[in-house]
Amino acid sequence: MEDFEKIWEKIKYKLQMTLEEDVFNETFAAITNVFKVVNNYVYLIAPNSFVKGKIDAFYLNRLNAMLNEYLDVKHMFKIISKEQAAEELSKASYAINVPEQGLENKYKTGLNNLYTFDNFVVGASNRLAYTSATKVADQPGVFANPLYIFGEVGLGKTHLMQCVGNYILENDVNMKVLYLKTDQFIEDYGRASAKKTFDDFAKKYENVDILLADDIQFLAGKTQSQLEFFKIFERLKDNNKQIVITSDRPASELYDIMSRLTSRFEWGLSVDINRPSLDHRILILKKKLQAETSDPELIPHEVLEYIASIFDNNVRELEGALKRVLFYCTAFDYKFTIANAEEALKNLINSKNISNKAINNGNFNTVLDIVSSYYHITTTDLLSNKRTKQFVFPRQVTMYILKELYDLTYKKIGQIFNNKDHSTVIYSIEQISNDLQSDKTKKEDIDKLLIKCGKKA
Ligand code: ADP
Ligand code: MG
């Protein structure tokens with residue numbers, strides 16, 4: 001907190017130097033310290049609501065600009081009235097919303113304040129989920145209740161859910177937000193039932209304004225916890241308290257969870273998050289890079305593209321790969337090149353592809369033969385630069401198969417095809433990956449080819 005106090009003193013001094021004396025005395029003189037700093041908001045207490053209104057209307061932008069001159073991570077001022085501050089202090093015995101220690105990220109809300117809408121990168125795969133989450137955050141309990149977000153692991157469900165909590169808290173410090181991992185809930189229930197402290201248990205959950213229940217699939221098979229969760233759900237829903245739920249699958253496919261619960265999950269709005277496209281993944285990397293370094297241009301686009309092309313099904317892994325490349329090149333003072341990135345990621349790539357490792361490593365010429373005869377073209381045309389569709393598609397398929405079966409580097413694949421650029425290879429493989437998802441016939445063809453070329457069925 002100390003730093004922010006000092007910053008506020010400096011800003012105040014600047015204000016004093018630049019504003020008319022009367023104006024300064026009326027508006028800012030009485031604001032002596034920083035009330036608290038939460039979720040990148042710096043709270044100041046205005047002496048009365050008139051002053052609060054005046055600052056909000058006329059000075060806030062300027063104050064924020066001054067504030068951020070002193071900081072690397074963007075912060076904003078929030079002006080609250082004395083009454084609001086007093087009310088909050090009187091509630092401080094309530095566990096929620098009170099920082100555990102200083103400027104730590106973790107609050108008893110369970111939220112991580114790094115998960116914000118600002119740093120969630122939106123694309124086709126998550127747009128609906130994102131838009132729904134913002135609407136829920138804007139109008140808790142009104143727009144859709146519950147909001148049910150589902151998708152595979154590592155695609156941003158927890159991140160998005162926490163954005164809702166953080167956003168709501170930013171707008172109203174008095175909201176009682178609780179982020180709840182479902183497995184913790186089950187443990188907590190176990191403890192309560194051992195100690196027979198059900199009242200405390202129920203109170204903790206039923207008193208919240210916003211309940212964020214993460215990974216609800218863990219309730220499977222836990223009948224007692226399901227019953228407890230059902231009661232809490234009913235209570236909150238009846239009182240128009242917002243509930244957000246995440247899961248690894250649609251509510252209708254939840255396994256071993258009582259149907260009166262799963263059917264309620266469908267009362268509100270269900271949205272899914274899918275795997276991001278290559279371009280989307282590159283944007284995510286750029287955003288993560290921005291957060292990691294002061295120089296967002298540090299890693300060239302083509303290297304980011306390379307990383308994004310490999311880690312295509314899990315944003316957490318994608319992020320991990322970026323950090324690894326950053327660390328590797330920084331630690332050894334290497335340039336950020338594709339070759340160095342490939343070296344840094346060698347182990348990750350190997351373990352990732354272990355299941356489709358080459359069967360008879362190196363003998364990929366048969367692939368060229370098999371694919372060209374399948375599409376009734378010559379191997380020479382397959383390897384040529386001819387741009388007609390008749391050749392381009394089989395060429396892309398071949399590149400895809402070489403990657404799948406032999407895990408050749410993009411560079412190496414490019415060399416086989418008349419020294420094509422690695423980015424052409426990446427693009428080609430991505431095209432086929434997309435086709436596989438959207439076109440059944442093509443998928444059947446390519447699956448057949450993969451097996452012909454040696455993939456174990
Ligand atoms: P899930 O809960 O679906 O398993 P998480 O929310 O934990 O996934 O996300 C895994 C990591 O990926 C987190 O670090 C998160 O910030 C990041 N992430 C996922 N999707 C995005 C996105 N669209 N924009 C930015 N970061 C993302
Ligand atoms: Mg999660």
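As the structure lists them, so they are numbered: ligands from 1, and atoms in each ligand from 1.
- Using a 30° and 60° split on the angle between ring planes, F120 and H159 fall in the perpendicular class, above 60°.
- Closest to atom 23 (N) of ligand 1 by heavy atom, among V121, I149, N112, is V121.
- Classification of the F117-Y167 ring pair by plane angle, with boundaries at 30° and 60°, yields perpendicular.
- Some N or O of T158 is nearer than 3.5 Å to an N or O of ligand 1, by distance alone.
- Near N119, the atoms of ligand 1 lying under 4.0 angstrom from a non-hydrogen atom of the residue are 24 (N), 25 (C).
- Of all the heavy atoms of E319, the ones lying under 4.0 Å from any atom of ligand 1 belong exclusively to the side chain.
- Around the CZ atom of R62, the shell of radius 6.0 Å holds no more than 12 heavy atoms that belong to other residues, nucleotides or ligands.
- The proximity of N126 to ligand 1, defined as any non-hydrogen pair under 4.0 Å, is limited to the side chain.
- Between the side chains of Y179 and D214, at least one donor N or O sits under 3.5 Å from an acceptor N or O.
- Where the criterion is an N or O separation shorter than 3.5 Å, residue side chain and backbone included, I284 fails it with respect to ligand 1.
- Geometrically, ligand 1 and L160 share no nitrogen or oxygen pair separated by less than 3.5 Å.
- Residue contacts with ligand 1 do not include Y130, since none of its heavy atoms lies under 4.0 Å from the ligand.
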